[in-house]
Amino acid sequence: MTNNHLVIMAGGVGSRFWPMSTQDRPKQFIDILGCGRTLIQMTYDRFKGIVPDENIWVVTSEKYGEMVKEQLPMVPAENVLLEPCRRNTAPCIAYVSWRIKAKDPHANMVVSPADHVVLDINEFQRVIRASLEFTEQSDAILTLGMKPNRPETGYGYIQADLSTASARNREVYRVDSFREKPDVATAKRYIQQNNYYWNAGIFIWSVSTIVNAFRVYQPAISDPFEDLLPVYGTEKEQEAINKVYADVQSISVDYAILEKAEEIFVHPAGFGWSDLGTWGSLHERSRRDLYNNALIGENIQTYETNNCIIHCTEEKRVVVQGLDGYIVAEQDDTLLICKLEEEQRIRTFSE
């Protein structure tokens with residue numbers, strides 16, 4: 001456990017849940033589920049007992065640094081790494097990997113987004129522990145594949161070779177390929193074949209494995225961060241990062257590393273995962289009443305209302321009558337009433 005490290009990626013804009021989330025207050029920092037904990041706090045919570053606080057790292061935008069420290073005061077301030085600009089997941093992971101390597105060359109890492117939801121915490125922790133044990137004993141890059149329950153077009157997919165399980169863990173298989181977000185027909189075909197899994201963007205590897213992968217497959221990304229080894233953990237670190245970060249290629253770790261490396265494995269899992277990318281996904285993951293309404297808030301009443309998500313957690317009485325398939329959400333001085341099927345149009349108001 002002392003060599004286990006957790007990296008929480010928390011730099012996304014995350015304004016899809018407008019008006020609750022905005023570019024100044026992305027979804028990872030709000031209590032979307034109305035449970036008293038924000039998504040980033042819930043991410044921290046589910047790793048309790050697996051990773052000690054001193055080995056938790058958060059990579060976020062410089063504008064969200066103080067928000068991270070307020071919501072996760074137990075994470076050492078020096079472990080909150082600030083990106084001066086957005087550069088996708090590969091530079092983010094490269095930076096934190098070299099930073100961890102400078103502190104603990106024998107580290108074993110889990111990389112997780114800050115804004116996902118997991119329903120079965122016990123199963124999640126079992127899978128994470130087994131995965132960390134797997135990567136500690138090998139040079140493998142491991143990703144988690146969520147067992148799909150519908151032909152989802154909003155996720156990328158992982159095609160696994162289920163013919164032979166790994167000798168080290170009979171639940172782990174080699175990855176045949178990574179697939180982009182499919183159309184409906186392709187997604188239905190994936191579901192029928194039983195060896196396709198949703199790509200959750202949760203990765204497990206040793207720090208030496210991922211650093212070496214960057215050296216081999218992305219030297220243009222690895223070189224600037226390797227050159228900064230002498231300044232990591234010093235007062236010069238942020239200034240040095242600010243100078244090099246904008247010049248690093250903006251690319252996802254999937255394209256940069258996973259689709260190029262050879263020792264890539266997937267651990268299929270089913271622990272009630274969602275990336276909560278839309279109001280519709282929140283409706284699906286929330287507890288619903290007899291009329292398929294998800295009511296998030298303490299003082300909400302509905303009449304002749306069906307298939308709605310109503311998110312009103314501020315101290316107001318909310319009464320809704322006669323709606324079918326709508327979003328009703330409030331935040332501060334803004335009230336949203338919108339058809340669920342047209343939620344994509346909301347984003348024009350949130351930008």
Side-chain angles (χ1 to χ4, degrees), residues 9 12-17 27 88-90 93 111-113 115-120 123-124 127 131 140-166 171-204 217 249-286 292 307 309 325 327 339-348:
M9 296 185 292
V13 174
S15 58
R16 292 179 180 177
F17 286 92
K27 68 173 181 174
N88 215 315
T89 54
I93 290 171
V111 179
S112 172
D115 54 359
H116 293 181
V117 166
V118 168
L119 300 182
D120 189 341
E123 176 63 7
F124 173 83
V127 170
S131 298
I141 291 174
L142 182 62
T143 184
L144 300 189
M146 301 299 103
K147 297 174 183 177
N149 55 18
R150 63 184 184 277
E152 175 62 57
T153 61
Y155 300 149
Y157 283 73
I158 301 167
Q159 182 187 16
D161 177 4
L162 300 183
S163 61
T164 306
S166 168
E171 294 182 274
V172 171
Y173 302 88
R174 284 190 177 274
V175 171
D176 269 350
S177 65
F178 291 90
R179 302 296 178 94
E180 292 297 311
K181 297 174 182 178
D183 57 26
V184 174
T186 304
K188 287 180 177 178
R189 190 174 74 249
Y190 289 169
I191 299 298
Q192 292 170 352
Q193 293 185 33
N194 294 322
N195 66 325
Y196 284 83
Y197 302 92
W198 291 335
N199 187 350
I202 301 173
F203 311 112
I204 304 96
Y217 300 109
Q249 181 185 5
S250 178
I251 185 173
S252 73
V253 73
D254 300 71
Y255 284 130
I257 302 296
L258 272 66
E259 294 190 5
K260 293 180 171 59
E262 296 180 1
E263 293 293 302
I264 306 291
F265 294 83
V266 60
H267 190 313
F271 40 67
W273 169 89
S274 173
D275 75 344
L276 287 188
T278 63
W279 281 105
S281 64
L282 179 58
H283 177 263
E284 181 181 327
R285 286 295 177 186
S286 300
N292 201 35
N307 309 308
I309 178 164
I327 305 162
K339 290 182 179 179
L340 257 171
E341 63 186 24
E342 296 186 16
E343 69 167 297
Q344 294 278 353
R345 298 173 64 182
I346 300 172
R347 295 175 195 174
T348 61

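- Take T164 and apply the side-chain hydrogen bond (donor to acceptor under 3.5 Å, both in side chains) test, not counting sequence neighbours, and it matches no residue.
- Each of I93, V253, D115 was checked for a side chain to side chain contact (heavy atoms under 4.5 Å, CB included) with M9, and the lone residue meeting it is I93.
- The two residues Y197 and P268 have their closest heavy-atom pair at CE2-CB, 3.5 Å.
- With sequence neighbours left out, the side-chain hydrogen bond (donor to acceptor under 3.5 Å, both in side chains) criterion links E263 to R174.
- The backbone N or O of Y173 lies less than 3.5 Å from no partner atom in the side chain of H267, so there is not a single donor-acceptor pair.
- Within the model, atoms CD of E259 and CD1 of I264 stand 10.0 Å from one another, a figure rounded to the nearest 0.5 Å.
- In this structure, Y255 places its OH atom where only 12 or fewer heavy-atom neighbours from other residues, nucleotides or ligands lie under 6.0 Å away.
- Between G201 and P113, the shortest heavy-atom contact is O-CD, 3.3 Å.
- Residues Y217 and A256 approach most closely at CB-O, 3.9 Å, considering heavy atoms.
- Rounding to the nearest 0.5 angstrom, the gap separating the CG atom in D254 from the OG1 atom in T89 is 6.0 Å.
- Ring planes of H116 and W273: perpendicular class, angle over 60° (limits at 30 and 60°).
- Of the inter-residue distances, the one linking M146 atom CE with W198 atom CH2 reads 10.0 Å to the nearest 0.5 angstrom.
- Between the CD atom in E343 and the OG1 atom in T278 there is a gap of 4.5 Å [rounded to 0.5 Å].
- Contact check for F178 versus L258: side-chain heavy atoms found under the 4.5 Å cut-off.
- Side-chain atoms of N195 do not come within 3.5 Å of backbone N or O of L162 as any donor-acceptor pair.
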(message) Could you walk me through whether H283 and N292 satisfy the side chain to side chain contact (heavy atoms under 4.5 Å, CB included) test, starting with their C-alpha distance in whole Å, then the side-chain angles of each, then the deciding distance to 0.1 Å, before giving a yes or no?
(response) CA-CA 9 Å; H283 177 263; N292 201 35; 3.5 Å; yes
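- Nearest heavy atom pair, residue G145 against residue I158, reads CA-CD1, 4.2 Å.
- The salt bridge (Lys or Arg N to Asp or Glu O under 4.0 Å) analysis of residues 140-163, with sequence neighbours excluded, yields the pairs R150-E152, R150-E284.
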(message) Using side chain to side chain contact (heavy atoms under 4.5 Å, CB included), reason through I202 and T143 one step at a time and then give a plain yes or no.
(response) CA-CA 6 Å; I202 301 173; T143 184; 5.8 Å; no
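- Atom-to-atom distance recorded for F271:CZ and L119:CG is 10.0 Å, nearest 0.5 angstrom.
- Listed by chain and residue number, D275 satisfy the side-chain hydrogen bond (donor to acceptor under 3.5 Å, both in side chains) test with Y155 (two or more places apart in sequence, or in another chain).
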(message) What verdict does the side chain to side chain contact (heavy atoms under 4.5 Å, CB included) test give for Y157 and N199, after you've listed the backbone C-alpha separation in whole Å, the side-chain angles of each residue and the deciding distance to 0.1 Å?
(response) CA-CA 5 Å; Y157 283 73; N199 187 350; over 6 Å; no
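- Applying the salt bridge (Lys or Arg N to Asp or Glu O under 4.0 Å) definition to pairs two or more places apart or across chains, none involves residues 178-189.
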(request) Could you check V266 against L144 for side chain to side chain contact (heavy atoms under 4.5 Å, CB included), going step by step and ending with a plain yes or no? (result) CA-CA 6 Å; V266 60; L144 300 189; over 6 Å; no
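- With a 6.0 Å radius and a threshold of 12 heavy atoms from other residues, nucleotides or ligands, E262 has its CD atom at or below the threshold.
- Rounding to the nearest 0.5 angstrom, the gap separating the CG atom in L340 from the CD1 atom in I327 is 4.5 Å.
- For N88, there are no side-chain hydrogen bond (donor to acceptor under 3.5 Å, both in side chains) partners, not counting sequence neighbours.
- Not a single donor-acceptor pair under 3.5 Å links the side chain of T186 to the backbone N or O of P182.
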